[in-house]
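Any value given below was found using the heavy atoms of this structure, including those in side chains, with hydrogens, waters and symmetry copies removed.
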Amino acid sequence: KQGGKGHTDRRVNKQPLAKDDSQLLFDEVMRLVDASKEGRLSERGKATLFNGPHREMIQGINEMLGAISAPLAITTSYVERISKGDIPAKITDTFRGDFDLIKNSLNTCIDAVNALVADAGLLSKAAMEGKLATRADANRHQGEYRKIVDGVNRTVATLVGHLDSMPAPAMIIDREFNIQYMNTIG
């Protein structure tokens, strides 16, 4: 029976499609392409279906997929941890090319978050100890992180300004009676 465009419709005749190695190879590669487009990077080719160069080609594609998916898995894990406030150590694995750029960017992110956490800790500890003159160096940070540190510095400065404008002396001392802060009237 003929299909609409002059092609034999093998489904009507129930004849199995004859597939030579080239067609089988094409189908397997396209299956992997479709899986990749759908984000299923763990999908691998069935190299055991082939012999010789076709098997080597499928094995090579599998190795390529592994070379792509392994760094992406590490990156995904790190980004997920950072998003939850669990800052991992910097990535020390060796990557090449574009993956090395991603690794370096992620390591820069880790450094930036660690610096922000350290300065927040510094300011918090100083405030709890009454060392109200302590400020973090906002210039160590970039972009929004700089704005955060600068904002905390300005908040502490504003509070100190309120204490300084009090018409009565105010002082904070430590357990050894060392003066940690004294307003201008004091």
Side-chain angles (χ1 to χ4, degrees), residues 1-122 124 136-152:
K1 177 171 180 165
Q2 293 291 324
K5 295 185 179 181
H7 298 288
T8 302
D9 187 347
R10 295 180 191 266
R11 290 173 294 170
V12 173
N13 294 331
K14 297 186 180 181
Q15 296 173 349
L17 291 172
K19 290 190 177 184
D20 62 14
D21 281 348
S22 295
Q23 183 64 46
L24 188 61
L25 178 65
F26 176 81
D27 291 346
E28 186 64 5
V29 169
M30 293 312 297
R31 186 182 69 77
L32 294 173
V33 168
D34 290 342
S36 295
K37 287 179 180 179
E38 293 171 4
R40 294 183 288 121
L41 299 180
S42 63
E43 190 74 29
R44 295 296 182 264
K46 298 173 184 166
T48 57
L49 297 176
F50 304 97
N51 292 313
H54 290 165
R55 178 181 286 222
E56 290 176 28
M57 183 182 296
I58 296 297
Q59 287 171 334
I61 291 171
N62 287 344
E63 290 172 12
M64 179 179 63
L65 288 169
I68 292 168
S69 62
L72 286 178
I74 291 170
T75 301
T76 301
S77 169
Y78 270 58
V79 170
E80 183 177 348
R81 286 179 63 188
I82 291 169
S83 74
K84 294 177 181 176
D86 176 18
I87 312 306
K90 291 166 78 169
I91 299 172
T92 58
D93 294 9
T94 301
F95 294 140
R96 296 185 187 133
D98 293 340
F99 289 119
D100 197 49
L101 295 173
I102 293 169
K103 175 189 85 171
N104 292 337
S105 294
L106 198 49
N107 283 342
T108 299
C109 178
I110 289 168
D111 287 341
V113 171
N114 281 335
L116 182 63
V117 168
D119 279 348
L122 168 91
S124 175
D137 181 5
N139 291 323
R140 284 182 17 156
H141 305 277
Q142 297 180 29
E144 297 300 313
Y145 296 145
R146 181 178 288 168
K147 290 179 186 177
I148 291 170
V149 173
D150 190 50
V152 174

Check: Judged by atom type as modelled, is there a donor-acceptor pair below 3.5 Å linking the side chain of Ser124 to the main-chain atoms of Ala120?
Finding: no

Checklist line | Nearest-0.5 Å distance, CG of residue Leu49 to CG of residue Leu25 | finding: 10.5 Å

Next item on the list: Flag the pair Phe95 / Leu101 as yes when at least one side-chain heavy-atom distance between them is below 4.5 Å, and no otherwise.
Entry: no

Next item on the list: State, yes or no, whether a side-chain contact exists between Ile68 and Phe99 at a heavy-atom distance under 4.5 Å.
Entry: yes

Notebook entry, point to check: Does the side chain of Glu43 reach to within under 4.5 Å of the side chain of Arg31, using non-hydrogen atoms?
Noted result: yes

Check: About how many Å separate OG of Ser36 and CG of Leu65, when rounded to the nearest 0.5 Å?
Finding: 5.0 Å

Notebook entry, point to check: How long is the span from the OG1 atom in Thr108 to the CD atom in Gln142, to the nearest 0.5 Å?
Noted result: 8.5 Å

Check: How far does CG of Asn139 sit from CG of Asp150, to the nearest 0.5 angstrom?
Finding: 8.5 Å

Margin query: As a quick check of understanding, evaluate salt bridge (charged side-chain N to carboxylate O under 4.0 Å, His left out) for Asp100 and Lys103, giving each step before the final call.
Written below: CA-CA 5 Å; Asp100 197 49; Lys103 175 189 85 171; 3.3 Å; yes

Margin query: Tell me the closest heavy-atom pair linking Ala136 and Val149, and the distance in Å.
Written below: CB-CG1, 3.6 Å

Note to self: Using a strict threshold of under 4.0 Å (side-chain N to carboxylate O), is an ion pair present between Asp137 and Arg140?
What the structure shows: no

Margin query: For Ser69 and Arg44: C-alpha separation, side-chain torsions, deciding distance, then whether side-chain hydrogen bond (donor to acceptor under 3.5 Å, both in side chains) applies.
Written below: CA-CA 11 Å; Ser69 62; Arg44 295 296 182 264; 3.2 Å; yes

Item checked: Nearest-0.5 Å distance that lies between atom CD1 in Ile82 and atom CG in Leu106 -> 5.0 Å

Checklist line | Any donor-acceptor N/O pair, Arg81 side chain to Ile87 backbone, under 3.5 Å | finding: no

Notebook entry, point to check: Taking all atoms of both residues into account, what is the closest heavy-atom pair of Gly66 and Pro71, and its distance?
Noted result: O-CD, 4.2 Å

Notebook entry, point to check: Are the side chain of Asn62 and the backbone of Gly45 linked by a donor-acceptor contact shorter than 3.5 Å?
Noted result: yes

Next item on the list: Without swapping roles, check the side chain of Glu28 against the backbone of Lys46 for a donor-acceptor pair under 3.5 Å.
Entry: yes

Checklist line | Trace of the side-chain contact (heavy atoms from CB on, under 4.5 Å) decision for Tyr78 with Ile91 | finding: CA-CA 9 Å; Tyr78 270 58; Ile91 299 172; 3.3 Å; yes

Next item on the list: May I ask you to check whether over 12 heavy atoms, not counting those of Asp98, lie within 6.0 Å of atom CG?
Entry: no

Notebook entry, point to check: Measuring from Glu56:CD to Phe50:CZ, what's the distance to the nearest 0.5 Å?
Noted result: 13.0 Å

Note to self: Can you give me the closest heavy-atom contact between Asp111 and Lys90, atom names plus distance?
What the structure shows: OD2-NZ, 3.1 Å

Next item on the list: Could you pull out the closest heavy-atom pair between Gln59 and Ala47, with the gap in Å?
Entry: CG-CB, 3.7 Å

